[in-house]
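First comes the structure, then the notes that go with it.
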Amino acid sequence: MKDINELTKEEAAAELGYLAREMAKSDIAYYQNDAPYLSDAEYDRLKQRNLDIEKRFPELIRPDSPSKRVGAAVKSGFSKVTHRFPMLSLADVFSIEEVEDFILSVKRFLNTSEDIPFMSEPKIDGLSFSARYENGIFVQGATRGDGVTGEDITENLKTIRQLPLKIENAPEILEVRGEVYMAKADFFALNQKYEAEGKKTFANPRNAAAGSLRQLDPKITAERKLSIFAYTWGEVSKRPWDSQANFFDYLKEWGFPTNPNNTLCQDIKDIEKSFAKLMEIRASLPYDIDGVVYKVNSIALQERLGFLTRTPRWAVAHKFPAEQALTTINNIRIQVGRTGALTPVADLEPVNVGGVIVSHATLHNEDEIKRKDIRIGDTVVVQRAGDVIPQIVEVILPKRKETSKEFEFPTTCPICGAHAIREVDEAVRRCTGGLSCPAQAKERLIHFVSKDAFDITGLGDKIIEDFYQEGILKTPADIFTIEERNRGGDDLFSAGSGLHLERKEGWGKKSVENLFKAINAKRVISLPRFIYALGIRQVGAATSLLLAKNYGSFQHFMQDMINKETGKLVSIDGVGASMATDMVEFFQEPHNIEIINRLLEQITVEDFVDTANYDSPLSGKTVVFTGTLEKMTRSEAKAKALDAGAKVAGSVSKNTDYVVQGADAGSKAAKAAELGITVLSEEEFLELLNGQATVGTTSL
Ligand code: IVH
């Protein structure tokens, strides 16, 4: 080998190219094919030579250089990445019957009775990632985050040797998505090492993978052994594959690891077989899986099926059955939630359920305790399924002791003493204390800063609890005045009267500053997040998004609710009468209005613009369907309209923009004519839709 100091620039460039290719090849042989052909020493020598040449010719450093696998640490947190196509999650099902229902719903949506091929894939228990390639070069890595915005983990992903830094014959823009995980063996080795060093160990491989990937210093990520499987895509400038199976061929060609147990299933029998097989080999796999994912194989069909708010209609996660264990109930106590619901919780003798120590289980409500005849001191079966809170399945009656005690459900709130009442037809007993009940007030604060709401990570449950106890935070509006109050007044007499959080135990100047920074970063908030943050009963993240889409601005929504104007509300597909009642009631409560007004003095709620579809002629329009459609099913038509940014209503009113009329249309068509509303035939509707170009970039 030539001395580096004697290399010409051309020679150096050629050798760097050779080294990048050679080491990439060796990475694939080592990590993907389990067939290493370079010894560790040889590999390290190549790595060192690459570094040395780059040191002499820094201008020649290639984007796919192996030295790029460990970059510099970022100083203050990860920067944000907005996903060009949201990273969605999957709906969970727990039985083969539910899988059958899912397949039926797919067939119904597509109006077919033929078998539809599905790809069955192990559901890897890790964290999803996105890797973006431009002209074949890896340029950006991101976590899923909330699905819309993730964190920039480019440097961390680079340290994972299974991830190709350069790919050949790829579309100009290609975003490959998959799962980062830690193999069981690597997890045990890491924990053993940490234990020996007296460091805190990880609870399971998933946590270890998460902790390792989200390291500000990629050197630490590089030390932990992480692996990946690729399984889907995000943005692509061109999509030459026409099925999920075909996509896997491309992934393999480009050098991405794909799961060897992915199987194409022709019918439900095949699906059942693949599930049974994965259940059987689960324990012997070198990594954790928590279920099986079934995806419609054909991309054309996937496109027809489209998406619900957060999940695709063409895929489902079949989770493995819950794991169970026996233990005893030490006590039953009541928790009071954000909306005042009294939830009984069982304190259990801690027990290991499928690798996780469980010490509490929810008992849901008083009827549930009666129905299952659960008593303090009983021996019970607890089960844990996925991330769900552990539950009590049944009492082992023969083991009941004489000392077992029935639980008397309180009729007053154990926190504030107000009456706790059950409304007719309601299983839940609720505290009537409203926000004067500390439990409700606290829970509301916790909800307000939670992930799908204001997402203020610096304000954890414990801090909220402390601040509430000390009167620093009483309502959500107080969060945004805390900095001002911390300083105290400006004038001479009140100087020193501030909160001075920095003097509190456990706090310092820096941590207080960071808290204010985190709060101030959220002074501008999107409409769906704001609505969700209010914590109106029954109004979850998906409903908040629907409301934002339909009202556009917070003022519109609030005015309608204050005026008890629910016409628009109940015409929204997905909002029912009982939800509407809860919303109106929320806005009739003067205390809530006061909090909202105080909040609006501090923050800005952005109007909602459906940017994904802003150029669609249907964007923002209200559409009503009537009659029998011929080219597509009603659900498909509805989904198409929603995807194009339209709102779909069930009945015709003066707010309707278009009525799409199929065969045998009834009174709705007549009403449209009466109100002078544009009536479209099915063809005209499709033409309107197709005027909108969303080519190439499909699915997620
Ligand atoms: S597909 C729109 N395939 O499961 C569908 N997800 O609950 C996008 N996951 O966030 C996901 N293995 O982190 C898909 N073979 C697989 C998967 C998989 C694991 C995870 C992924 C996703 C979550 C959905």
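Start at 1 and go down the list; that is how both ligands and their atoms are numbered.
Using a 4.0 Å cut-off between charged side-chain N and carboxylate O, E443 and R338 make no salt bridge.
Under a 4.0 Å criterion applied to the non-hydrogen atoms of P312, ligand 1 contributes the atoms 2 (C). Close contacts between ligand 1 and E121 involve ligand atoms 3 (N), 15 (N), 16 (C) [criterion: under 4.0 Å to a heavy atom]. Those atoms of ligand 1 that come under 4.0 Å of a heavy atom in P122, given as number and element, are 12 (N), 15 (N).
Residues forming a ring pair (Phe, Tyr, Trp, His ring centres under 6.0 Å) with F625 (at least two apart in sequence, or on another chain): F685.
When heavy-atom distances to ligand 1 are checked against a 4.0 Å cut-off, L90 comes that close through both its backbone and its side chain. Looking at K123 against ligand 1, both its backbone and its side chain come within 4.0 Å, counting heavy atoms. Residue-level proximity to ligand 1 for K295 is carried by the side chain, the only part with a heavy atom below 4.0 angstrom. The residue A317 has no part lying near ligand 1, judged by heavy-atom distances below 4.0 Å.
No side-chain N or O of Q140 forms a donor-acceptor pair with one of E175 less than 3.5 Å apart. E179 and S128 form no side-chain donor-acceptor contact under 3.5 Å, judged by distance and modelled atom types alone. Between the side chains of Q391 and H364, at least one donor-acceptor pair of N or O atoms lies under 3.5 Å.
In terms of polar-atom proximity, defined here as any N/O pair under 3.5 Å, W314 makes no such contact with ligand 1. The shortest N or O to N or O distance between I124 and ligand 1 is below 3.5 Å. Looking at ligand 1, you won't find any N or O of S89 less than 3.5 Å from one of its N or O atoms.
When ring centroids are compared, F187 and F202 stay outside the 6.0 Å threshold.
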Donor-acceptor pairs are to be reported for all side-chain atoms of residues 537-544 against protein atoms at under 3.5 Å, with residues two or more places apart or in another chain.
{"from": "Q538", "atom 1": "NE2", "to": "S578", "atom 2": "OG", "distance (Å)": "2.9"}
{"from": "Q538", "atom 1": "NE2", "to": "D582", "atom 2": "OD2", "distance (Å)": "2.7"}
{"from": "S544", "atom 1": "OG", "to": "Y532", "atom 2": "N", "distance (Å)": "3.4"}
{"from": "S544", "atom 1": "OG", "to": "G540", "atom 2": "O", "distance (Å)": "2.8"}

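Nearest to atom 6 (N) of ligand 1 by heavy atom, out of Y231, F307, Y294, F229, is Y231. For the residues A91, S128, G147, the heavy atom positioned nearest atom 10 (O) of ligand 1 is part of S128.
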Next on the checklist: Let's go through K295 and F118 carefully: what are the C-alpha distance in whole Å and the side-chain angles of both, what is the deciding distance for side chain to side chain contact (heavy atoms under 4.5 Å, CB included) to 0.1 Å, and is it a yes or a no?
Outcome noted: CA-CA 5 Å; K295 301 175 182 168; F118 279 87; 5.6 Å; no
